[in-house]
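These figures come from a predicted structure and were not determined experimentally. Whatever order the structure lists ligands and atoms in, that order sets their numbers, starting from 1.
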Amino acid sequence: MVRLEEWRGKEIFRRYGLPLPKGVLVRSLEELDRAFEGNTVPFPCVVKAQVLAGGRGKGGAVRFAETPVAAREAVAALLGTEFKGEKVSAVLLEEKLGISRELYLSVTLDRSRRLPLLMASSSGGMEIESLPDEAIQKTWIHPMSGLVAYQRRKVARTLSLPGPAQMDLERILNLIWRIFREEDAELVEINPLALVGDHLVALDAKMVVEDDALFRHPEYEGLQGELTPLEEKAHEKGIAFVEIGGDIGVIANGAGLTMATLDVLLQEGGKPGVFLDLGGTDDSRKVAEAFLLMTEAHPKVVFVNIFGGVTRCDTVAKGLLEAMARAPPRFPLVARIRGNNEKEGVAILKAGGVGSYTDLAESVRHVVALEEGREQATPTVGLRTGGSP
Ligand code: GDP
Ligand code: MN
């Protein structure tokens, strides 16, 4: 997921011909002074910190200035500071337009329906999450037919705009759909899309570009979200490790099984927080390393779900015990290992005091119960032993 700052989004918008305010981007006060000399700063102006976080308007990161002196003050006050944990290294100065209404418009991917979704609302300006459902008009777009004329007209009509703005909107709808497709976006959002006189202008731009399409976009290199320190460490060791902010640690092998394990945990009401894909390995030391990494993430409970193939069950079991001997875990461990060398693996774990499950549903319920504190881990070894197969 690559999130683009407003000015990058607007550069793309401009290329496609969306109506935008005039503006200039500066990264320092020297650049600002050059912009003053070149008369490229419009007045009165809006001074906007370029960060990925939303809510800049409310948070003081969008300011207004009538004069160069005031604009300079605003830029100086924003550059180099932090907004919601992000350093402000660029500021956008745009002409301040007299706006009479603020609309919301976006195209995103509705993963549950597996279709692109166009959302439009006449209550723009605020974050979409804070709008009641009935205030948002949703139009699902078939990827083959695209956003068709009657859909555009319907959306344009329901926003009760003056004639010229209604025509603008139909054109804008076409453009954001094209941008969504052609720029490999996961999200294209204009909030607010402002009514200025009888016409519409995009005052803000938010775009998220799909990771898997990055090979087509060398221009975004280096913009990819940063890794957490643990993810960085894992990356160096060649372990696929992702932190997503929950309680349950998942160790599985292969992307498919790892994802399926997360899905089943979520379905049972669990909150997976870290997951680690062992991939194909026949090295118990690598398994141990992976497990130690998991320990550092401080999960509430760890679920090991292995289907032995290239990665044999006994290799995994040996690795787990090796890691536990080096750093006794402070969390309960639930294991389910099946497949190649299953018997050996189960026996090794059992000798080390770790029971293992064969049934997925049963083991997952147990994991979630431990997470929620409905069941307690065996206190002596700090490990919960499940029913033996
Ligand atoms: P966000 O809060 O981070 O989404 O930043 P926005 O770019 O959406 O700006 C926040 C608010 O500033 C908008 O909802 C507008 O009310 C206001 N704003 C931004 N640009 C202009 C402008 O050109 N004229 C006026 N009058 N208000 C503006
Ligand atoms: Mn906005």
Quiz item: For Phe215, does the CZ atom have more than 12 heavy-atom neighbours from other residues, nucleotides or ligands under 6.0 Å away?
Solution: yes

Quiz item: With backbone taken as N, CA, C and O and side chain as the heavy atoms from C-beta onward, which portion of Glu102 lies under 4.0 Å from ligand 1: side chain, backbone, both, or neither?
Solution: side chain

Quiz prompt | Lys58 and ligand 1 - part of the residue with a heavy-atom distance under 4.0 Å | solution = neither

Quiz prompt | Arg336 versus Asn305, side-chain donor and acceptor atoms under 3.5 Å | solution = yes

Practice problem: Over 60° means perpendicular and under 30° means parallel, so classify the ring planes of Phe36 and Phe43, tilted if in between. | Solution: parallel

Self-check item: Identity and separation of the nearest protein heavy atom to atom 26 (N) of ligand 1
Solution: Leu97 O, 3.1 Å

Quiz prompt | Sub-4.0 Å heavy-atom approach of Pro192 to ligand 1 | solution = yes

Exercise. Please could you name the atoms of ligand 1 that Glu95 approaches to less than 4.0 Å, counting only its heavy atoms?
Key: 23 (O)

Quiz item: Do the side-chain N and O atoms of Glu5 and Gln50 include a donor-acceptor pair separated by under 3.5 angstrom?
Solution: no

Quiz prompt | Angular separation of Asp204 OD2 and Asn191 O about the Mn ion (ligand 2), given to 10° | solution = 100°

Self-check item: Per atom 22 (C) of ligand 1, closest listed option by heavy atom (Val51, Val47, Asp204, Val46)
Solution: Val46

Practice problem: Please could you name the atoms of ligand 1 that Lys96 approaches to less than 4.0 Å, counting only its heavy atoms? | Solution: 23 (O), 24 (N), 26 (N)

Quiz item: Quick one: do the Ser112 and Asp110 side chains pair a donor with an acceptor below 3.5 Å?
Solution: yes

Quiz item: Looking at atom 11 (C) of ligand 1, what's its closest protein heavy atom, distance included?
Solution: Gly57 CA, 4.6 Å

Quiz item: Which one of Lys48, Arg56, Glu6 has a non-hydrogen atom at the shortest distance from atom 1 (P) of ligand 1?
Solution: Arg56

Practice problem: Identify which of Leu52, Ile99, Leu203, Val196 has a heavy atom lying nearest to atom 19 (C) of ligand 1. | Solution: Leu203

Quiz item: When you measure from atom 9 (O) of ligand 1 to each heavy atom in Val201, Asn191, Val62, Leu92, which option holds the nearest one?
Solution: Val62

Quiz item: Between the candidates Phe64, Tyr104, Phe83, which shows the shortest non-hydrogen contact distance to atom 18 (N) of ligand 1?
Solution: Phe64

Practice problem: Could you check Asp282, Asn340, Asn341 and say which one makes a side chain to side chain donor-acceptor pair (under 3.5 Å) with Thr315? | Solution: Asp282

Practice problem: Report yes or no: do Thr139 and Gln151 form a side-chain donor-acceptor pair below 3.5 Å? | Solution: no

Self-check item: Distance in Å, Asp168 CG paired with Glu170 CD, rounded so as to fall on 0.5 Å steps
Solution: 10.0 Å

Exercise. Side-chain contact test, heavy atoms from C-beta onward, threshold under 4.5 Å: evaluate it for Glu102 versus Leu193 and give yes or no.
Key: no

